[in-house]
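A quick note: this is a predicted structure, and the numbers were derived from the prediction, not measured.
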Amino acid sequence: NEKNLILDPVLPKSTPPDTEPPSQINLRQVIDSELLQQSSKIVDALVDLTSGYNDFVDQQVDKLLASNPESTSVGRIAVSKLLQLVGQAEVPNFIAQIPSKKGILG
């Protein structure tokens with residue numbers, strides 16, 4: 001059932017304040033957000049809007065849906081595939097480089 005489909009969220013591991021943050025983080029921790037999940041609706045709307053106008057696009061959508069029988073949402077499939085792909089990428093921890101203290105007294 002598509003409403004019960006869970007996209008296997010990977011939540012960032014909390015770092016105790018006394019330890020040094022990791023030098024590398026998984027890219028999925030950065031982009032896996034509610035906004036990304038909501039973007040699947042936009043992809044679905046675009047597919048609905050363009051369906052029937054381009055045979056090549058229709059064929060690709062049909063192939064994608066046929067290869068993922070657990071979902072009827074092209075947007076959800078795209079988000080899931082994106083998260084799987086970026087889940088394999090480790091990037092420098094740019095979040096740790098953002099200063100946490102501001103001002104002249106910090």
*Are Asp58 and Ser51 close enough, and set up right, to give a side-chain contact (heavy atoms from CB on, under 4.5 Å), and what steps lead you there?*
CA-CA 6 Å; Asp58 289 344; Ser51 63; 4.0 Å; yes
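- In terms of heavy-atom proximity, Ser73 sits nearest to Ser71 at N-OG, 3.1 Å.
- Within the model, atoms CD1 of Ile31 and CD of Gln29 stand 11.5 Å from one another, a figure rounded to the nearest 0.5 Å.
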*Does the pair Asn26 and Glu90 meet the rule for a side-chain contact (heavy atoms from CB on, under 4.5 Å), with working shown?*
CA-CA 5 Å; Asn26 188 294; Glu90 296 287 324; 3.5 Å; yes
*Could you walk me through whether Gln37 and Asp32 pass the side-chain hydrogen bond (donor to acceptor under 3.5 Å, both in side chains) check?*
CA-CA 8 Å; Gln37 302 301 328; Asp32 193 359; 3.2 Å; yes
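- Taking a 4.5 Å side-chain heavy-atom cut-off between Ile, Leu, Val, Met, Phe, Trp and Tyr, the cluster of Ile42 extends to Leu46.
- Here the side chains of Asn68 and Lys81 are in contact, with some heavy-atom distance below 4.5 Å.
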*Should Val43 and Val79 be marked as a side-chain contact (heavy atoms from CB on, under 4.5 Å) after you check the CA-CA gap, both sets of side-chain angles, and the distance that decides it?*
CA-CA 9 Å; Val43 172; Val79 166; over 6 Å; no
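- For Gln38, the side-chain hydrogen bond (donor to acceptor under 3.5 Å, both in side chains) partners are Glu34, Lys41, not counting sequence neighbours.
- Counted within 6.0 Å of CG on Asp55, heavy atoms from surrounding residues, nucleotides or ligands total 12 or fewer; the atom is thus considered open.
- Between Gln88 atom CD and Arg28 atom CZ the span is 10.5 Å, to the nearest 0.5 Å.
- Between the CG atom in Leu82 and the OG atom in Ser40 there is a gap of 11.5 Å [rounded to 0.5 Å].
- Note that CG of Leu85 and OG of Ser80 are 11.0 Å apart. Values are rounded to the nearest 0.5 Å.
- At a cut-off of 3.5 Å, with distance as the only test, no side-chain donor of Asn93 or Ser23 sits close to an acceptor on the other residue.
- In this structure, Thr72 OG1 and Ile77 CD1 are separated by 8.0 Å, a value rounded to the nearest 0.5 Å.
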